[in-house]
Protein chains: 2
Amino acid sequence: MVEDHPVVIEGLRRILAQEMPHATLLEFHTGDAFLQHLRGAQHVVTLALLDITLPDTNGVELCQKVKSQSPDTCVLGFSNHNDRALIMQMLSSGASGYLLKNVSARELMQCVREALSGQMAFSDEIKKIIAKPSAAQVKAVPPLTKREKQILRLIADGKTSADIAAELLVSPFTIETHRRNLMQKFDVNNAAALIRLAAQLQLI
Amino acid sequence: MVEDHPVVIEGLRRILAQEMPHATLLEFHTGDAFLQHLRGAQHVVTLALLDITLPDTNGVELCQKVKSQSPDTCVLGFSNHNDRALIMQMLSSGASGYLLKNVSARELMQCVREALSGQMAFSDEIKKIIAKPSAAQVKAVPPLTKREKQILRLIADGKTSADIAAELLVSPFTIETHRRNLMQKFDVNNAAALIRLAAQLQLI
DNA sequence: TCCCCTCTACCAGAAAACCAGTAGAAAAAA
DNA sequence: TTTTTTCTACTGGTTTTCTGGTAGAGGGGA
């Protein structure tokens with residue numbers, strides 16, 4: 001486990017000692033300490049319970065590093081944050097699941113077992129969050145025309161207005177106009193912000 | 001089901017008729033047809049099996065629309081694509097699971113039942129893909145310095161070099177240099193492409 | 001100690017983007 | 001068919017970014 005709250009550490013330790021007496025449990029209080037251990041690699045770490053808010057890094061970053069250094073290690077996020085976007089980031093960084101810190105001992109052990117058997121594992125509250133996307137996220141997509149979507153993607157590819165104009169066989173002025181309309185719809189004033197929003201809304 | 005391949009339709013129909021004889025099965029061949037049905041809303045659709053490659057739209061977009069129009073409908077992605085990023089997009093668009101078209105009847109029905117009971121559901125091959133991120137995705141992150149990450153985020157916020165300079169109390173020239181270094185590291189030549197890559201790599 | 005990396009800073013010119021406004025043709029919706 | 005939306009195109013001016021240099025200060029490791 002990688003966790004910096006003593007109370008949580010103690011709780012986990014007891015539950016695990018009781019439920020899986022033969023497992024070896026290691027504790028780390030910072031992300032770096034854990035990564036360093038992985039590099040040493042005396043033991044193969046089969047499952048890592050990562051706190052998301054650590055003093056020296058964040059869960060997503062740590063998760064990526066862990067998976068890139070030790071791809072077979074199963075990672076479970078473990079935190080108080082129930083933000084959907086964060087959970088998704090953890091999953092796409094390679095986590096096998098995510099638990100809220102308010103899990104019961106039963107839930108915890110079930111998730112651990114599921115994860116060890118190769119399944120995805122979530123605590124009950126997290127399942128609910130994952131099941132339906134936040135209304136805000138889905139709602140806030142401004143209606144884009146076909147042409148606008150097309151041009152948005154080309155902008156994201158790093159093409160200039162001139163490039164795009166050449167590709168679509170229209171005037172560069174036209175592309176500039178589309179750019180302007182896109183920025184207006186998203187209420188931003190440059191391409192960088194535009195692309196970030198578009199990426200968040202899965203438009204590219 | 002929303003699906004445009006007759007063979008697949010027929011296969012699904014038979015399996016479902018046998019395994020869940022009391023369920024009502026509706027077919028749509030385009031995304032729009034399905035959305036229109038949802039608007040009509042004679043029946044409550046409890047579970048939708050969405051093909052990802054449809055003639056008039058893509059799975060991610062359709063999934064978002066479906067969930068925003070009918071949040072309680074359970075959506076399962078159903079496709080030949082086993083691209084990790086795509087699956088993640090589907091999940092964060094509200095899908096409850098994802099199946100490859102090569103699933104066995106047994107697997108299919110298991111996933112359907114899991115999804116109906118509120119769980120996430122994946123076919124076996126998909127589970128493997130989700131379990132470990134593609135090496136490329138994790139590896140290809142260029143090493144950024146602290147300052148660079150910070151500036152990257154500010155660029156994504158739509159701030160100009162002058163804005164950022166004022167915020168960080170350094171010269172605008174300095175920010176320009178950082179911008180240049182960032183673009184070089186990501187091998188792109190403007191902020192739009194930079195931000196897209198950064199977003200894909202979860203850096204912002 | 002020397003070297004490498006990071007962060008800082010500057011110049012100058014070219015290229016691109018951004019802003020504000022206008023407007024016609026075509027396509028889609030009412 | 002009328003109306004609205006979308007796509008197209010332009011002028012002209014301002015701001016910002018991008019490119020290609022250069023370079024010093026400070027920290028950390030070899």
Side-chain angles (χ1 to χ4, degrees), chain A residues 32 35-36 39 56-57 61 141-199 203-204, chain B residues 30-33 35-36 39 55-57 61 65 141-198 203-204:
Chain A
D32 271 345
L35 288 171
Q36 212 163 350
R39 272 190 288 273
D56 60 338
T57 180
E61 203 174 37
V141 182
L144 299 186
T145 69
K146 229 175 214 161
R147 202 56 155 171
E148 282 168 347
K149 283 183 206 168
Q150 185 181 24
I151 288 165
L152 182 61
R153 286 188 194 101
L154 294 169
I155 295 172
D157 284 343
K159 306 207 164 115
T160 68
S161 296
D163 291 342
I164 299 171
E167 192 170 326
L168 302 183
L169 301 173
V170 296
S171 157
F173 293 116
T174 304
I175 306 301
E176 293 280 336
T177 304
H178 283 303
R179 275 188 111 105
R180 218 182 332 159
N181 294 338
L182 279 166
M183 289 194 292
Q184 210 164 49
K185 284 190 179 179
F186 282 91
D187 191 31
V188 296
N189 42 22
N190 61 41
L194 176 69
I195 296 305
R196 194 200 40 182
L197 270 181
L203 296 172
I204 49 181
Chain B
T30 65
D32 272 344
L35 287 171
Q36 212 163 350
R39 273 190 287 274
D56 60 338
T57 180
E61 203 174 37
K65 285 182 186 162
V141 182
L144 299 186
T145 69
K146 228 173 214 163
R147 201 57 155 172
E148 281 168 347
K149 283 185 206 168
Q150 184 182 23
I151 289 167
L152 182 61
R153 288 189 193 101
L154 293 169
I155 294 172
D157 284 343
K159 305 203 166 125
T160 68
S161 296
D163 291 342
I164 299 172
E167 192 169 328
L168 301 185
L169 302 173
V170 295
S171 158
F173 292 117
T174 303
I175 305 301
E176 291 282 331
T177 304
H178 283 304
R179 274 186 113 104
R180 216 181 331 164
N181 294 337
L182 278 166
M183 290 195 290
Q184 211 164 47
K185 284 191 179 179
F186 282 91
D187 192 28
V188 297
N189 41 24
N190 62 41
L194 176 68
I195 296 304
R196 195 204 32 185
L197 271 181
L203 295 173
I204 49 179

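Residue numbers begin at 1 in each chain, while the letters A, B, ... track the order of the sequences.
- Pairing each heavy atom of A:Lys149 with each of A:Leu144, the nearest pair is CE-O, 3.8 Å.
- In this structure, B:Glu148 places its CD atom 6 Å from P of C:dC7, rounding to the nearest Å.
- If you take NZ of A:Lys146 and C1' of D:dT5, they are 14 Å apart, rounded to a whole angstrom.
- Side chain of B:Asp163 to backbone of B:Thr160: a donor-acceptor contact under 3.5 angstrom is found.
- If you check C:dA9, D:dC7, C:dC18 against the side chain of A:Asn190, the one that comes closest is C:dC18.
- Between the CG atom of A:Asn189 and the P atom of D:dT14 there is a distance of 19 Å, given to the nearest Å.
- Checking A:Gln150 against A:Arg147 by side-chain atom types alone, a donor-acceptor pair falls below 3.5 Å.
- Taking atom CG of A:Leu182 as the reference point, atom P of D:dC7 lies 10 Å away to the nearest angstrom.
- Spacing between atom CZ of A:Arg147 and atom P of C:dA26 amounts to 15 Å, rounded to whole angstrom units.
- Remark: side-chain polar atoms of B:Lys185 are paired, donor with acceptor, to backbone N or O of B:Pro143 under 3.5 angstrom.
- Listed nucleotides D:dT19, C:dC7, D:dC7 differ in distance to A:Thr145; the shortest reach to its side chain belongs to D:dC7.
- A:Leu194 and A:Phe186 make their closest contact through CD1-CD1, 3.4 Å (heavy atoms, listed as atom of the first residue, atom of the second, distance).
- In this structure, B:His178 places its NE2 atom 11 Å from P of C:dT6, rounding to the nearest Å.
- Taking atom NZ of residue A:Lys185 and atom C1' of nucleotide C:dC18, one finds them 18 Å apart after rounding to whole Å.
- Here C:dG21 is the nucleotide among D:dA9, C:dC18, C:dG21 with the atom lying nearest to any side-chain atom of A:Arg180.
- Nearest-nucleotide assignment on DNA chain C puts the 5′-proximal partner with B:Asn181, out of A:Met183 and B:Asn181.
- Residue A:Arg179 places at least one side-chain N or O closer than 4.0 Å to OP1 or OP2 of C:dC18.
- The minimum heavy-atom distance between A:Ser161 and A:Arg179, with the atom names listed, is OG-NH1, 2.9 Å.
- For B:Gly158 against A:Ala193, the heavy-atom pair with the smallest separation is CA-CB, 3.6 Å.
- Scanning residues 149-175 of chain B for heavy-atom distances under 4.0 Å to DNA chain D yields B:Thr160, B:Ser161.
- Closest to the side chain of B:Glu176, from the set D:dC7, D:dC10, D:dC18, is D:dC18.
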